[in-house]
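Encoded as C-alpha cells, the structure appears first; notes follow it.
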Amino acid sequence: MPSMEEALFPSTPGKFKIDRQYNMWNRQFHRCFASTSTMFLWALFLIALTASYLSFQSFVDSGSRYFSASWGGIQWEKQVRNSAQIHRSGGISVLVTGAAGFVGTHVSLALKKRGDGVVGIDNFNNYYDPSLKKARKQLLNNHNIFIVDGDINDFKMLSKLFDTVAFTHVMHLAAQAGVRYAMENPQSYVHSNIAGLVNLLEVCKSANPQPAVVWASSSSVYGLNTDVPFSESDRTDQPASLYAATKKAGEEITHTYNHIYGLSITGLRFFTVYGPWGRPDMAYFSFTRNILQGKPITVYRGKNRVDLARDFTYIDDIVKGCLGSLDTAGKSTGSGGKKRGPASYRIFNLGNTSPVTVPNLVNILERHLKVKAKRNYVDMPGNGDVPFTHANITLARKELGYKPTTDLQTGLKKFVRWYLQYYGYSHGKPVN
Ligand SMILES: O=C(O)[C@H]1O[C@H](OP(=O)(O)OP(=O)(O)OC[C@H]2O[C@@H](n3ccc(=O)[nH]c3=O)[C@H](O)[C@@H]2O)[C@H](O)[C@@H](O)[C@H]1O
C-alpha cells in the first residue's frame with residue numbers, strides 16, 4: 001500500500017524533480033513558519049524576561065539605596081534625635097564633627113557623660129588606620145552617641161541634620177591633620193580645612209536658630225613666630241606648612257562669618273595633643289609602636305643640633321578647654337542667614353605651658369615601655385616643622401577657667417597603658 005506521501009506525489013521519474021522540489025519547498029515553508037513563530041515566542045519571552053529583570057533590578061537598586069544610605073530615613077532621624085536629647089537642666093545639644101577622631105571622641109564622651117546631647121559626624125577617611133576610628137565609634141555607640149557616616153562637604157546631609165535637631169552648638173573638629181603630610185597630599189587640606197569649613201559655616205549661618213561654633217585651630221599658626229611663650233596677639237602671618245596656612249585661613253574665614261552673619265565663633269589653638277585613643281601619625285604614638293617592635297625611630301634635630309621641643313598637652317586638659325569654650329560661648333545673633341547684632345569672636349591657646357624636647361619625650365617612653373629606643377638623629381628636613389611651641393594660656397585661664405593639670409610623664413603613662421591594652425601587649429610582649 002502506498003504511503004500517503006507516495007499517493008499524493010507519485011514517484012514517476014519525470015515528475016519526481018518537481019514533486020520533490022515542491023515537497024522540499026513545502027517542508028521548508030512549514031519549518032520556516034514554525035521556526036518564525038518559535039522565534040517570535042522566544043523573542044516575546046526574552047523581552048518579558050528582560051523587562052522583569054530590569055524592573056526587579058531597579059527595585060533592588062532603589063531599595064538598597066534606601067537601606068544602605070549612610071544618612072536619611074525615619075529610623076536615622078530617630079537615632080539622631082535620641083542622641084541629641086539633653087539629660088540635664090541647662091544642657092546643650094552639640095553637633096561634633098570629626099567625632100570618631102582623637103579629640104572628637106573624648107569631647108563627645110565628656111559631653112554625654114554630663115548629660116548634654118551629642119550627635120557626631122565622621123567620614124572615616126584612611127589618613128590613618130580606619131579600624132581605630134571604627135573602634136572609637138563603637139565606644140561612642142556604647143555610650144548612646146550616634147555617629148553619622150558623612151563628610152562635612154555634604155551640604156544636604158548637614159542641612160538635614162539641622163532640620164532634624166536645633167543644635168545649640170557645633171564642636172568642629174573634623175580636619176585634615178598632620179603638619180608634614182601636607183607636602184604629600186596638599187589637596188586634602190584644602191578639601192577638609194577650607195572647603196569643608198566653609199560648607200559647615202554656610203549651613204550654620206542659615207540654621208534657625210544659629211548654633212554657636214567652637215572649632216579646632218592649631219598652635220602651628222604661630223609658624224616662624226619667635227616671641228615666647230606664644231600669645232594670641234602674636235604674629236600668625238608666617239605659617240611654615242600648608243596645614244598651618246589652612247588653619248590660619250580658617251581663623252580668617254570664621255571671622256567673616258562672625259562679621260557678616262552674627263555667628264558666635266571660638267577658635268582653639270591646640271598644642272600637640274596626646275593621650276589614649278590618640279593619632280597613630282603623631283610622634284609619641286609612632287615612636288611607641290616602633291620601640292615595641294624593635295624598629296628604629298627618627299628624631300629630628302633643629303639648626304646647630306638644637307633639640308626640637310613641643311608644648312605637649314594631655315587630652316583630658318584639652319577636653320576641659322573644649323567644654324569650657326562651649327559653656328562660655330556667646331549666642332549667635334543671626335537667624336535665617338541674617339545678622340541681628342554683633343556676636344562674639346574669640347581665639348584661645350590650649351597648651352600645657354611647659355615644653356619638652358623630643359629626645360626627652362623618647363626618654364619618658366623608654367621608661368614606661370621598659371624598652372630602649374633605637375634612635376636615629378636626623379637634621380630637621382624642610383617639611384613644615386617648627387623648632388618649638390610654647391603656649392601662653394593666660395587668656396584661656398581667665399575666660400574659660402582652663403588649667404592644665406597633667407604633665408608629660410603622667411600623661412604618657414596613661415597613654416602607654418592604653419596602648420599596651422588596645423594592641424594586646426602583656427609584659428611588653430604581644431599577646432597572640
Ligand atoms: O600643635 C599642633 O597644632 C599640631 O600638633 C601636632 O603636630 P606636631 O607638633 O608636629 O606633632 P608630631 O607630629 O607628633 O611631632 C612632634 C615632634 O616630634 C618630631 N618628630 C616627628 C616625627 C618623627 O618621626 N620624628 C620626630 O622627631 C617633630 O619634628 C615634632 O618636633 C599634630 O600632628 C598636628 O596635627 C597639629 O595639631
Side-chain angles (χ1 to χ4, degrees), residues 98 101-104 106-107 171-173 175 177-180 182 193 214-236 238-241 243-248 250-251 266-279 281-285 287 300 302 307-325 346-358 360-361 364 384-412 414-415:
F102 170 37
V103 180
H106 285 276
V107 169
M171 182 84 225
H172 175 46
L173 298 165
V179 174
R180 291 162 291 278
N193 304 358
V214 177
W215 74 286
S217 182
S218 159
S219 71
S220 64
V221 299
Y222 290 108
L224 307 180
N225 175 48
T226 48
D227 296 338
V228 274
F230 300 164
S231 298
E232 288 85 346
S233 55
D234 286 351
R235 285 184 73 168
T236 53
Q238 302 166 290
S241 65
Y243 168 70
T246 60
K247 285 296 181 180
K248 174 62 184 167
E251 293 188 354
T266 307
L268 302 175
R269 294 177 179 165
F270 293 160
F271 282 70
T272 315
V273 189
Y274 71 98
W277 295 97
R279 274 173 36 205
D281 62 310
M282 289 182 68
Y284 72 96
F285 201 118
F287 286 174
Y300 298 136
D307 290 334
L308 303 181
R310 288 290 182 273
D311 198 2
F312 295 102
T313 311
Y314 189 62
I315 183 64
D316 291 1
D317 291 325
I318 288 292
V319 168
K320 283 184 205 147
C322 290
L323 268 54
S325 300
R346 311 182 295 172
I347 288 192
F348 296 108
N349 284 344
L350 292 187
N352 195 47
T353 67
S354 48
V356 176
T357 65
V358 178
N360 245 332
L361 162 84
I364 299 172
D385 251 336
V386 291
F388 63 88
T389 63
H390 184 179
N392 176 339
I393 57 163
T394 312
L395 197 62
R397 189 181 289 136
K398 186 162 156 257
E399 304 282 326
L400 313 176
Y402 174 71
K403 199 167 156 281
T405 55
T406 313
D407 61 18
L408 190 60
Q409 174 88 18
T410 313
L412 281 180
K414 293 182 183 182
F415 165 72

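Please read all numbers here as calculations on a predicted model, not as lab measurements.
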- Please walk me through it: do V107 and L323 pass side chain to side chain contact (heavy atoms under 4.5 Å, CB included)? CA-CA 8 Å; V107 169; L323 268 54; 4.2 Å; yes
- Would a distance-only check, ignoring hydrogens and angles, find a side-chain to backbone donor-acceptor pair under 3.5 Å from H106 to W277? no
- Would you say the side-chain atoms of D234 pair up with the backbone N or O of S231, donor to acceptor, closer than 3.5 Å? yes
- Answer yes or no: is there an ion pair linking R269 with E232, defined by an N-O contact shorter than 4.0 Å? no
Any heavy-atom pair between the side chains of [Y] and [X] that's under 4.5 Å?
{"X": "D317", "Y": "T405", "answer": "yes"}
{"X": "V221", "Y": "E251", "answer": "yes"}
{"X": "D385", "Y": "R180", "answer": "yes"}
{"X": "T266", "Y": "L268", "answer": "yes"}
{"X": "F312", "Y": "Y284", "answer": "no"}
{"X": "T272", "Y": "M282", "answer": "yes"}
{"X": "R310", "Y": "P355", "answer": "no"}
{"X": "L412", "Y": "L361", "answer": "yes"}

Please find the pair of heavy atoms, one from [X] and one from [Y], that lie closest to each other, and give the distance.
{"X": "S218", "Y": "K247", "value": "CB-CG, 3.9 Å"}
{"X": "A391", "Y": "G351", "value": "CB-CA, 3.7 Å"}
{"X": "A244", "Y": "P239", "value": "CB-CB, 3.8 Å"}
{"X": "A240", "Y": "V386", "value": "CB-CG1, 3.8 Å"}
{"X": "G178", "Y": "R279", "value": "N-NH2, 3.5 Å"}
{"X": "T389", "Y": "S219", "value": "CG2-OG, 4.0 Å"}

- Message: Tell me if the aromatic rings of Y314 and Y274 count as close, with their centers under 6.0 Å from one another.
- Response: yes
Rounded to the nearest 0.5 Å, what separation is found between the [atom1] atom of [X] and the [atom2] atom of [Y]?
{"X": "F270", "Y": "L173", "atom1": "CZ", "atom2": "CG", "value": "5.5 Å"}
{"X": "S325", "Y": "F348", "atom1": "OG", "atom2": "CZ", "value": "6.0 Å"}
{"X": "L395", "Y": "S233", "atom1": "CG", "atom2": "OG", "value": "9.0 Å"}
{"X": "D227", "Y": "Y222", "atom1": "CG", "atom2": "OH", "value": "10.5 Å"}
{"X": "I393", "Y": "D311", "atom1": "CD1", "atom2": "CG", "value": "8.5 Å"}
{"X": "N349", "Y": "N392", "atom1": "CG", "atom2": "CG", "value": "6.5 Å"}

- Message: Apply side chain to side chain contact (heavy atoms under 4.5 Å, CB included) to residues I318 and V103 and explain how you reach the verdict.
- Response: CA-CA 8 Å; I318 288 292; V103 180; 4.1 Å; yes
- Query: Using 30° and 60° as the class limits, which term best fits the ring planes of F271 and F230: parallel, tilted or perpendicular?
  - Reply: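 If you compare the ring of F271 with that of F230, the planes turn out tilted.
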- Task: Mind jotting down which residue pairs meet the salt bridge (charged side-chain N to carboxylate O under 4.0 Å, His left out) criterion with at least one end in residues 346-358? Sequence neighbours excluded, please.
- Result: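 Salt bridge (charged side-chain N to carboxylate O under 4.0 Å, His left out) check on residues 346-358 returns no pairs.
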- Dump the intermediate steps for side chain to side chain contact (heavy atoms under 4.5 Å, CB included) on F415 and I315, then the final yes or no. CA-CA 10 Å; F415 165 72; I315 183 64; over 6 Å; no
- Task: Given side chain to side chain contact (heavy atoms under 4.5 Å, CB included), test Y243 with K248 step by step and report yes or no.
- Result: CA-CA 9 Å; Y243 168 70; K248 174 62 184 167; over 6 Å; no
- Message: Test of understanding: with side chain to side chain contact (heavy atoms under 4.5 Å, CB included), list the residues that count as partners of S354, not counting sequence neighbours.
- Response: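 Per chain and number, S354 pairs via side chain to side chain contact (heavy atoms under 4.5 Å, CB included) with N352.
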